[in-house]
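Atoms within a ligand are numbered from 1 in the order they appear, just like the ligands themselves.
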Amino acid sequence: MQDKHIGFIGAGNMAKALIQGMVQSGQFAPAHIRFNDKLQSEHHPLEIAGQSIVSMDKEGLVTWSDVLVLAVKPQDLFNLLREVDPLATERKLFISIAAGIDIAGLTKSLSVAHPVVRAMPNTSARVLASATALTGNAAVTPGDMALAERIFQCVGAVVQVEESQMPGVTGLSGSGPAYVYAFLRAMIEGGVSLGLSHDTASQLAIQTLRGAVEMAAASEDDLDTLIRQICSPNGTTLAGMKVLETRHFQEHVMEAIQASAQRSEELRRELQADIRE
Ligand SMILES: NC(=O)c1ccc[n+]([C@@H]2O[C@H](COP(=O)([O-])OP(=O)(O)OC[C@H]3O[C@@H](n4cnc5c(N)ncnc54)[C@H](OP(=O)(O)O)[C@@H]3O)[C@@H](O)[C@H]2O)c1
């Protein structure tokens with residue numbers, strides 16, 4: 001079990017999902033996790049996964065923590081860093097999950113050369129099935145990165161990327177759950193259009209998606225082979241696949257991911273320009 005002290009600043013949706021995963025995994029003792037949130041008074045612990053997580057004032061939390069997870073909205077992050085910077089006089093591992101704030105912006109806001117990891121989890125963290133990408137500044141040691149990985153592995157799978165790849169991560173795994181929901185909705189509506197009840201169509205569509213994803217993850221065959229295995233000549237699936245190809249399904253999905261990545265870069269520039277003003 002990890003013996004480091006992990007302090008969360010901001011205890012909203014994402015922090016709660018992370019804390020839940022950390023506690024349920026058994027890798028982090030609840031006593032080694034604390035938090036600070038604007039709305040939460042010092043005397044109200046968070047009840048998560050049957051455990052009480054203690055709240056502290058900011059100064060106490062920063063001093064107590066070896067790792068500070070910054071889990072506030074991007075527009076609140078630089079104000080928070082202004083509060084925290086004078087308190088963090090000793091080396092701490094900073095982990096930011098704020099979308100669109102880059103490592104350079106984070107590092108510049110800290111007077112001490114703290115190690116800083118930027119994480120991009122996704123909403124599936126709430127069911128402990130996030131896909132999270134991590135990147136770090138030059139002060140991050142392999143031990144720091146391993147610890148950050150252990151934290152995010154509690155809510156799903158983790159990859160390490162270069163910071164320049166973060167827009168791609170945002171487009172693919174950050175926004176990706178919405179595209180999957182849209183696909184799922186289209187499958188359900190397809191079933192309903194053919195006379196299935198909404199409930200039956202939902203059950204079949206969700207299980208079909210789950211099964212296909214598990215198959216893709218478990219199989220040694222590539223995706224083209226898996227598709228071919230279902231498409232018998234002149235058969236039913238081939239008839240459907242022809243429609244997807246004629247309507248440029250793949251290109252549309254790729255364009256959606258690219259548009260999201262591009263927007264994330266625009267937002268990063270807008271956010272950081274606002275903050276400098
Ligand atoms: N939700 C997701 O699926 C997701 C996915 C990827 C990344 N993220 C990132 O995760 C971060 C958190 O998102 P979230 O959905 O968890 O947000 P959230 O639910 O709004 O939680 C943020 C919490 O931080 C508090 N806060 C703001 N400034 C503070 C300060 N100076 N000191 C202490 N607490 C402060 C907020 O209080 P007030 O509400 O009173 O301001 C709120 O309770 C965001 O930066 C987002 O980009 C989220």
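By the criterion of a heavy-atom distance under 4.0 Å, the backbone of A71, and not its side chain, is placed next to ligand 1. At a 4.0 Å heavy-atom cut-off, ligand 1 does not touch L77 at all. Counting heavy atoms closer than 4.0 Å to ligand 1, residue K16 contributes nothing at all. Residue-level proximity to ligand 1 for N13 is carried by backbone and side chain together, each with a heavy atom below 4.0 angstrom.
Classified by interplanar angle (parallel below 30°, tilted 30° to 60°, perpendicular above 60°), the ring pair H114/F94 is tilted.
The nearest protein heavy atom to atom 39 (O) of ligand 1 is not closer than 4.0 Å.
If you chain together hydrophobic residues whose side chains sit under 4.5 Å apart, Y179 and F249 fall into the same group.
Short contacts between ligand 1 and N36, defined as distances under 4.0 Å to a heavy atom of the residue, involve ligand atoms 32 (N), 33 (C). The contact set between ligand 1 and P74, taken as ligand atoms under 4.0 Å from a residue heavy atom, comprises 44 (C), 45 (O), 47 (O). Near L80, with a cut-off below 4.0 Å to any heavy atom, the atoms of ligand 1 are 31 (N). The distance from ligand 1 to the heavy atoms of I9 drops below 4.0 Å at these ligand atoms: 32 (N), 33 (C).
Of the possible donor and acceptor atoms, one in the side chain of Q165 sits under 3.5 Å from a partner among the backbone N and O of E162. No donor-acceptor pair closer than 3.5 Å links the side chain of R118 to the backbone N or O of G136. No donor-acceptor pair under 3.5 Å is formed between the side chain of S124 and the backbone N or O of S130.
D37 OD1, 3.4 Å is the protein heavy atom nearest to atom 23 (C) of ligand 1. The single protein non-hydrogen atom nearest to atom 30 (C) of ligand 1 is K58 NZ, 3.7 Å, given as residue, atom name and distance. In this structure, atom 3 (O) of ligand 1 lies nearest to the protein heavy atom T123 CG2, 2.9 Å. Protein heavy atom at the shortest distance from atom 2 (C) of ligand 1 is M14 CE, 3.3 Å. The nearest protein atom to atom 24 (O) of ligand 1, hydrogens excluded, is given as G10 CA, 3.2 Å; this is a heavy-atom distance. From the protein, the heavy atom lying nearest to atom 8 (N) of ligand 1 is I97 O, 3.7 Å. If you check which protein heavy atom lies closest to atom 21 (O) of ligand 1, you get G12 CA, 3.2 Å.
With respect to the salt-bridge test (charged N to carboxylate O, under 4.0 angstrom), the residues E266 and R263 qualify. A salt bridge between D102 and K108 is absent, with no side-chain N of the basic residue lying under 4.0 Å from a carboxylate O of the acidic one. Ion pairing of E265 with R268 is present here, as a side-chain N (NZ or NE/NH1/NH2) and a carboxylate O approach within less than 4.0 Å.
Looking at heavy atoms from C-beta onward, I97 lies out of side-chain contact with M120 at the 4.5 angstrom threshold. A 4.5 Å side-chain heavy-atom check between I6 and V69 finds at least one atom pair inside the cut-off.
The shortest N or O to N or O distance between V72 and ligand 1 is under 3.5 Å. For a threshold of 3.5 Å applied to N or O pairs, the pair formed by K38 and ligand 1 contains at least one separation below that value. Polar contact check, A99 against ligand 1: a nitrogen or oxygen pair lies under 3.5 Å apart. Taking only nitrogen or oxygen atoms, main chain and side chain alike, P121 does not reach within less than 3.5 Å of ligand 1.
By the 4.0 Å heavy-atom criterion, N79 is excluded from the residues contacting ligand 1. Residue-ligand proximity: E83 is placed with a non-hydrogen atom under 4.0 Å from ligand 1.
Side chains of E47 and S52: a donor on one and an acceptor on the other come within 3.5 Å.
Among D224, D221, T237, the single residue meeting the side chain to side chain donor-acceptor pair (under 3.5 Å) criterion with Q229 is D221. Just one of E59, H5, H32 meets the side chain to side chain donor-acceptor pair (under 3.5 Å) condition when paired with W64; it is H5.
Considering each of K73, R126, Q75, the one bringing a non-hydrogen atom nearest atom 13 (O) of ligand 1 is K73.
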Is there a salt bridge (Lys or Arg N to Asp or Glu O under 4.0 Å) between K92 and D66? Walk through the geometry before answering.
CA-CA 5 Å; K92 314 266 172 203; D66 301 302; 5.9 Å; no
